[in-house]
Amino acid sequence: MVKDVVEMKRHNVNAVRCSHYPNHPRWYELTDLFGLLVIDEANIETHGFDPDNHLNRKGRQPAEDPEWAAAMGARVIRMCERDKNHASVVVWSLGNEAGYGATHDTMAAWLRHRDPSRPIHYEGGGSRTLATDLVCPMYMRVNDILAIAADPNETRPLILCEYAHAMGNSSGNLDAYWDAIESTHGLQGGFIWDWVDQGLWKALPARSSVVTSSINCSKDASSSLRAELLAETEAGASGEGGASNLDSNPAESAVEPPAGPPAESAAESAAEPAQEGEAVGEGDAATAEEAAADVAAASAAATPAPALASPQATLASAATTSHGSKETEQQQQQPWEQVELPAKHPGRFWAYGGDFGDTPNDLNFCINGLIWPDRTPHPAMRELAHVYRYFGFKWTEQGDIEIFNKSFYQPSSAFSFSFSLFSLPPPPQPISTLPPSPPTPILSSPLTVPTILPRQHHVIPNPIPADLDWAAHDVSTDSELFALFTATVNERTRWCATGQVVASVQLPVNLPEGTISSAKPSALEPPTKPAISQPALSEPAPIHQSSVIVTSTDGSFAITVHVQDGGALSWKINGSDVLLPPALSSPCLSVWRAPTDNDKGGADASYAARWKAAGLSRLAAADAGGVIAVAGDATVVSVGGDEGKGKDEKGKISERKEEGKEAEGKGEEGQQAEGDDEPLRVEIGRDGMVSVVVQATFRPRADEISEEEAVEVGSAPTNLVEAYGGGADGEGSASIGQAKNISDVDCWIRLKSEWQIHGNGQVLVKFWVDPSPSLPPLARVGMRFQAAKKLSNAVWSGRGPHECYPDRKQSAHVALHYLPVESLHVPYIAPERMGRE
């Protein structure tokens, strides 16, 4: 419990709803000591009595039945009498999801008489009944809570009793809720369901020689299969063992909340892991005061997060080895960042419903927390800490900075403020020239901020000097500039050391025109792109080859673009493969991803069910209209076996007619012939650019069938048309090729892709996607491919370093990030979509 309360405080959480029953008495001692606000909730929840439940013979909730009034009332009375003297308890709750009836009004009346100092919470009956003093809806959309706040007949404050379901990879749109809450009178916050993944340790089974061919398992079978797959994965993995989190590393960045429990606790937990079937993180303490004292001592001994650390790094590379010598080149190329992940425990996994042979079960529905069972925070906790931050920062119209103290009771004098200015460099070309350490700030300085009272704003002058020598910092007119504003704790507390970050906000810097006109070009800028007019995509010249190979004149790279689906069959840099074999990795359109836990909510009406029914997981190019246009300093080396193609004056591939022959690629009836197996080869110089444009229509393939099934039916489909059961218009038939699970959905997606390949090795891929209006909202729109295993580090210029998405990115700072590829994997307990978007 101490670990829990410390993690909550370190991530700017200030309130807890005890769901859905009163907690252990020690919990309230800790919340009193550490300063967490508590909604104390009675142990009443009656899902089994839902009127539509066939087992409910009376057809009504207990709250509507006088026979249950005494039992329900006793639970509320016991809660109040036990916990009434805890200062941290600020609200009483009548329970959760138990309908609404006269008994609720009676219990509310008793509480108001017994303890008029505390308001009452109850969501049942629509969250606005007479039994509740707070409007407390569950999972209500932002527009709807704004509508309630604007209702002149509603004078009660609104606090969402649950507003984000933190199951697996989730917790998006927190910023949208808190933008509304911070800006609207009457909206006072909300609670996230819930805190911790409640997994139990279990030993992995011995490796099985049986290969399971289906993943459409029952609840009983799926748990066994998951354990087998985990065992297979662990047996085939290398480098198992050490933890990959920041708990014991003192060089934490100012932009990241300090990670994990005290190092002593983490070490003890790793040294003595829980036994099979045992919960993680449980233990005894003599008193809450003693436990808190232990935490305070650990916080005092901890090294604080540096206030002005670079946003590009959470771990800085060491400057010297143990012998004091400079790093070797190989050491300098080690990733300079790490992300917080749970420690690995070979031979064991976190089990949930069904993993113990239990039937019936609820699978992983207890795995819905913001932290793993060992109390390592999920990536979503970074976002939560950001939206719950103590201070807001924003530019004013005059170019100054406005600071907002979000607290209702604490002045800003307890905190220190700082500022850093960074220029975002593009990824170096080539990547092998990556600098050995993260880029340093252009300038860093503390901010002089007068005391800002609670809920007050204060404006300070722009901290960027007007006479800053931009040229001296390699800043050009094309540079992207970002300012980082940070607030840290001045003195250690029970839950943190001095320097704990409570707010970290990155803002883009837009300088007045002409400010850096005399700056020299940045040394990190890529070669200047040639001024080449774009190909005329509206009238592309058709080709008949199956692929286009684009190579550089110096042999530094070669890319093969597949005309069938607009993907890349091969990508080589200096003769080394970047992609896996084409059958596994060809980069092409992908509108499917593994569903997350929340995608599955709603049974047949869920997003996951609708995506599957529409066949989004089985899309492949059905009709190809391969086209190509070449511009710039490009040379057509060969056109496969065709002698009838050449390059015209504009540098585009055009068709020729040879004397006495029809136009190349046309049959007797003028129809385009099937694609030539020989590729079209194009070579470009350093300043050249080739644009390869492909148009295709994607449709669902038929479900894959085994060779035995194909032989039994007669013959397997030999081409895409047969596999689809017809041509592009869906007509025709095939005995084994009819697409399944599509119902009445007309599933098609039209794609136009453009590969802009530059002679300096830069590649820009553009997709224009036109989905059928009959399709459900797409899971994603992107490109799928598999990179070669030897590519062990990832470098990107954008948001990071932790996992983020378009609706969960405010905490991820824009920078040049450098991570090991294995750190891109987020080990959610139930396998689902993860990574970065």
Side-chain angles (χ1 to χ4, degrees), residues 12 142 146 149 174-187 189 254-255 307-311 383 385-424 441-470 473 475-490 501-517 519 799 809-815:
N12 300 337
V142 173
L146 289 171
L174 297 183
D175 58 320
Y177 277 97
W178 280 88
D179 285 346
I181 291 168
E182 291 285 0
S183 62
T184 307
H185 178 73
L187 301 184
V255 303
L308 297 177
S310 163
E383 193 77 357
H386 178 79
V387 299
Y388 289 1
R389 64 192 181 275
Y390 285 31
F391 296 93
F393 301 85
K394 69 176 183 180
W395 296 115
T396 66
E397 292 183 359
Q398 291 73 32
D400 297 320
I401 197 72
E402 180 181 297
I403 304 175
F404 173 40
N405 183 358
K406 296 187 175 188
S407 174
F408 279 84
Y409 57 88
Q410 191 169 20
S412 66
S413 54
F415 306 93
S416 297
F417 299 85
S418 60
F419 157 79
S420 300
L421 179 66
F422 293 88
S423 174
L424 176 64
I442 294 173
L443 59 91
S444 297
S445 66
L447 292 177
T448 302
V449 178
T451 298
I452 306 175
L453 297 178
R455 306 303 295 176
Q456 297 299 308
H457 300 255
H458 182 78
V459 176
I460 62 174
N462 190 327
I464 303 176
D467 58 351
L468 182 64
D469 186 356
W470 296 102
H473 297 283
V475 176
S476 71
T477 54
D478 294 330
S479 298
E480 292 184 74
L481 297 172
F482 292 91
L484 177 66
F485 296 92
T486 306
T488 57
V489 175
N490 282 340
V501 176
V502 296
S504 179
V505 178
Q506 186 187 56
L507 299 175
V509 176
N510 297 315
L511 299 174
E513 187 174 353
T515 302
I516 53 177
S517 57
R799 292 189 179 270
K809 65 180 182 181
Q810 300 306 313
S811 60
H813 291 175
V814 178

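Any value given below was found using the heavy atoms of this structure, including those in side chains, with hydrogens, waters and symmetry copies removed. Note that this is a predicted model, so its numbers are computed, not measured.
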- Under 4.5 Å between any side-chain heavy atoms of Ile442 and Leu481, yes or no? yes
- Item | Sidechain-backbone polar pair: Trp395 side chain, Pro508 backbone, donor-acceptor under 3.5 Å | yes
- Correct closest heavy-atom pair for Lys406 and Arg389 would be CD-O, 3.3 Å
- Message: What I'd like to find out is whether the side chain of Thr488 reaches to under 4.5 Å of the side chain of Phe415, using heavy atoms alone.
- Response: no
- Please answer whether the main-chain N or O of Val502 pairs with a side-chain N or O of Asn12 as donor and acceptor at a distance below 3.5 Å. yes
- Query: Does some side-chain heavy atom of Leu421 sit less than 4.5 Å from a side-chain heavy atom of Pro441?
  - Reply: no
- Query: So, do Gln810 and Val505 sit near enough that their side-chain heavy atoms are less than 4.5 Å apart?
  - Reply: no
- Taking all atoms of both residues into account, what is the closest heavy-atom pair of Val387 and Trp178, and its distance? CG2-CD1, 4.2 Å
- Task: Over all heavy atoms of both residues, which pair between Thr451 and Ser413 is shortest? Give the atoms and the distance, please.
- Result: OG1-CB, 3.8 Å
- Item | Shortest non-hydrogen contact from Ser504 toward Leu484 | OG-CD1, 3.4 Å
- Message: Can you tell me how far apart CD1 (Ile403) and NZ (Lys394) are? Round to the nearest 0.5 Å.
- Response: 12.5 Å
- Query: When rounded to the nearest 0.5 angstrom, what is the spacing between CZ in Phe393 and OG1 in Thr486?
  - Reply: 7.0 Å
- Task: Report the C-alpha separation of Leu187 and Leu146 in whole Å, then their side-chain angles, then the decisive distance to 0.1 Å, and conclude whether the side chain to side chain contact (heavy atoms under 4.5 Å, CB included) test is met.
- Result: CA-CA 8 Å; Leu187 301 184; Leu146 289 171; 3.9 Å; yes
- Interatomic distance, His458 atom NE2 to Phe404 atom CZ [nearest 0.5 angstrom]: 14.5 Å
- Query: Quick one: are the ring centres of Phe391 and Phe485 less than 6.0 Å apart?
  - Reply: no
- Item | Evaluation steps, side chain to side chain contact (heavy atoms under 4.5 Å, CB included), between Phe417 and Ser412 | CA-CA 9 Å; Phe417 299 85; Ser412 66; 4.1 Å; yes
- Just by modelled atom types, is the Ser811 backbone N or O under 3.5 Å from a matching donor or acceptor in the Glu383 side chain? yes
- Item | Pairwise distance NE2(His386) to NZ(Lys809) - rounded to 0.5 angstrom | 11.5 Å
- Query: Just by modelled atom types, is the Val814 backbone N or O under 3.5 Å from a matching donor or acceptor in the Gln506 side chain?
  - Reply: yes
- Task: Keeping the roles fixed (side chain from Asp400, backbone from Val459), state whether a donor-acceptor pair exists under 3.5 Å.
- Result: no
- Task: Taking the side chain as every heavy atom from C-beta outward, state whether Phe419 and Ile464 have any atom pair closer than 4.5 Å.
- Result: yes
- Using atom types as modelled and distance alone, determine if a side-chain donor or acceptor of Arg455 lies under 3.5 Å from a backbone N or O of Asn405. no
- Item | Nearest heavy-atom neighbours spanning His473 and Asp469 | CD2-O, 3.2 Å
- Query: Which heavy atom in Leu443 sits nearest to a heavy atom in Pro465, and how many Å separate them?
  - Reply: CD2-CD, 3.7 Å
- Query: What's the verdict on side chain to side chain contact (heavy atoms under 4.5 Å, CB included) for His813 and Phe482, showing C-alpha distance, side-chain angles and the deciding distance?
  - Reply: CA-CA 9 Å; His813 291 175; Phe482 292 91; over 6 Å; no
- Message: Under the rule for side chain to side chain contact (heavy atoms under 4.5 Å, CB included), what residues qualify as partners of Ala414, not counting sequence neighbours?
- Response: Gln410
- Message: Nearest 0.5 Å, please: how far is CG in Leu447 from CD1 in Ile401?
- Response: 8.5 Å
